[in-house]
Amino acid sequence: MTRQSLKATLSALTIAVATAASLSAVAPTPAHAQLFSIDQDEADDKSPPVEWDKKRLERLDRNVRKLERAISNYEGKTGKNAGPPALIEPDPEVVALQATVEILSRKVDDQAQQITRLTGQIEEAGFAARQANEKVAGLEARIGTLIQRLDLAEAHLKDIDAALAGPPPPPPTTGTAEGDFNQAYDLLTNGKMDDAERAFTEFTTKWASAPQTPEAWFRLGQIRTVKGDVSGSVAAYATSLKGWPKTSWAPEATVKLATALAQTDAPKSCVAIAEFNKRYASAASAAIKSQAKALATKGKCS
C-alpha cells in the first residue's frame, strides 16, 4: 500500500468518524439501534445495514489515531526494509495474559537462579565431603600402621623382658631323689617339655649320685631330641650309658645315641650300633632291633 492510498484511507476514516459522531449528537438512539447509509449505492444494496454505537465509534477513533501515528512514524523511516504501518488493537485479555506470563517468567528465572545457587552449594558440599573422606582414609591407614608398629614393639619388649628375666626356676624340691625324679617325669608325660627339662637338669645336679640319675640323663636326651638339639641329645645319651647299665631303657638309649651320632659322626654311630648288638640286642624289643638294623644298613656299618 502506498503513501497516497494510506492517506486517502485515513481521510475517509476521519470523515466517517466525524459524520457518525455528528449524527449521534443530533439524533441519539439506544445502543445497537442507530443505522445510517454511507452512500446512495450502498442504500440500494440489499446487504444488512451497519450498526454503530458509542463503543465501536470510540474504538474506531482510537484506531484512526494510532494509524495516524503509525503513518507519521513510517514517513520518518528510511530504508528498503521499512514495512507498512500496522494497526493493532490490543486485546485486554491478551494484555492481562502477557502480564501474567511475565510474572511467571520472572518467577521461573528466580527459581532457576536459586536452583543454580543450590547446585553450586551441593557441589561444594560434595567436594568437601570427598576431601574429608580422603583425610579419614589417610588417618585410618596411618592408624593401622601405628598399630602394627605398636604390636611389634610390644612383642619385642616381651622378648627383652624374657631375656632379662632368664629361665623360670625349676619346681621346688620334694626333699628326696625319688620324689624329685617322679615330679620331673610327671611334667614330661604331661607334655610340659620346658618344665621337665629344667626339672631333670636340676635333678642331675642336686642328686648326682642317686640311682635315678642315669635315667634322668636319658630323659633329657629324649627332650633334646624332640627340640632338635642334636649335640645336646648326644651328650645326654652318652652320659646315661656310662658303665653300660642293665636297665629297660638302655637299649633304646643306645640306638638313639647312634641315631644322633649319624648326623654328626658316622663312624661313632657304627660303634654305638656294635655296642647295641653286643650288649642289648638279645633283650631289646623288635621295634628297637629294627631301628638298629636300618641304621646300620644306612650307615654301611660292617
Side-chain angles (χ1 to χ4, degrees), residues 151 154-265 268-269 271-295:
D151 292 340
E154 289 179 350
H156 186 59
L157 288 175
K158 289 180 181 179
D159 293 339
I160 293 175
D161 292 339
L164 293 176
T173 181
T174 62
T176 63
E178 184 178 2
D180 287 354
F181 181 86
N182 291 335
Q183 180 175 251
Y185 188 80
D186 289 340
L187 292 172
L188 177 62
T189 55
N190 289 327
K192 298 180 179 179
M193 292 290 182
D194 293 337
D195 294 338
E197 184 177 14
R198 285 189 292 269
F200 280 122
T201 302
E202 180 67 15
F203 183 90
T204 57
T205 302
K206 185 176 180 62
W207 308 101
S209 301
Q212 297 87 355
T213 300
E215 185 177 357
W217 280 110
F218 168 65
R219 301 303 175 186
L220 280 172
Q222 287 181 313
I223 293 171
R224 291 171 183 175
T225 298
V226 172
K227 289 186 173 183
D229 184 3
V230 178
S231 60
S233 64
V234 168
Y237 289 134
T239 303
S240 70
L241 291 172
K242 282 182 179 180
W244 302 109
K246 302 294 183 179
T247 61
S248 60
W249 48 264
E252 181 181 355
T254 305
V255 174
K256 287 187 178 293
L257 174 61
T259 302
L261 286 171
Q263 301 180 52
T264 57
D265 193 342
K268 289 184 179 180
S269 176
V271 172
I273 292 296
E275 291 294 332
F276 170 79
N277 292 329
K278 176 182 177 181
R279 299 175 184 276
Y280 302 114
S282 59
S285 65
I288 296 299
K289 289 179 182 179
S290 177
Q291 291 179 18
K293 184 178 179 180
L295 190 62

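Bear in mind that the values here come from a model prediction, so they are computed numbers and not experimental data. We number each residue from 1, following the sequence as shown.
Between W249 and P214 there is a side-chain heavy-atom pair separated by less than 4.5 Å. Contact check for F200 versus W217: no side-chain heavy atoms found under the 4.5 Å cut-off. Within the 4.5 Å cutoff, the side chain of L295 has heavy atoms near those of the S269 side chain. The shortest distance between side-chain heavy atoms of F218 and T247 does not fall below 4.5 Å.
L187 approaches A199 most closely through the heavy-atom pair CD1-CB, 4.1 Å. L257 approaches A238 most closely through the heavy-atom pair CD1-N, 4.2 Å. The minimum heavy-atom distance between A236 and R224, with the atom names listed, is CB-NH1, 3.9 Å. Summarising the geometry of A196 relative to L188, their closest heavy-atom pair is CB-N, 3.6 Å, with the distance given to 0.1 Å. A pairwise comparison of heavy atoms in V230 and A260 identifies CG1-O, 3.7 Å as the closest pair. Heavy-atom minimum distance, A292 versus V255: CB-CG2, 4.1 Å.
The closest donor-acceptor contact from the side chain of S233 to the backbone of G221 lies at 3.5 Å or more, if one exists at all. Looking at N182, its side chain does come within 3.5 Å of a backbone N or O of E178 through a donor-acceptor pair.
Sorted by first and then second residue, the side-chain hydrogen bond (donor to acceptor under 3.5 Å, both in side chains) pairs with a member in residues 199-210 read D180-W207; sequence neighbours excluded.
Between the CG atom of D186 and the CG atom of D195 there is a distance of 12.5 Å, given to the nearest 0.5 Å. Rounding to the nearest 0.5 Å places OG1 of T176 at 12.0 Å from CZ of F181. To the nearest 0.5 angstrom, E252 atom CD is 10.0 Å from T254 atom OG1. Between S290 atom OG and I288 atom CD1 the span is 9.5 Å, to the nearest 0.5 Å. In this structure, the separation between CD on Q222 and CD on E215 is 8.5 Å, given to the nearest 0.5 Å.
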Below 3.5 Å, can you tabulate the donor-acceptor pairs from side chains in residues 276-283 to any protein atom, sequence neighbours excluded?
residue	atom	partner	partner atom	Å
N277	ND2	I273	O	3.3
R279	NE	E275	OE1	2.7
Y280	OH	P245	O	2.9

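For K289, the NZ atom counts as densely surrounded, since its 6.0 Å shell holds more than 12 non-hydrogen atoms of other residues, nucleotides or ligands.
Residues satisfying the side chain to side chain donor-acceptor pair (under 3.5 Å) test with Q183, not counting sequence neighbours, are none. Not counting sequence neighbours, S285 has no partner by the side chain to side chain donor-acceptor pair (under 3.5 Å) test. Scanning for side chain to side chain donor-acceptor pair (under 3.5 Å) contacts around T225 gives Y237, with sequence neighbours left out. Looking at residues two or more places apart in sequence or on another chain, you find a side chain to side chain donor-acceptor pair (under 3.5 Å) between K227 and D194, E197.
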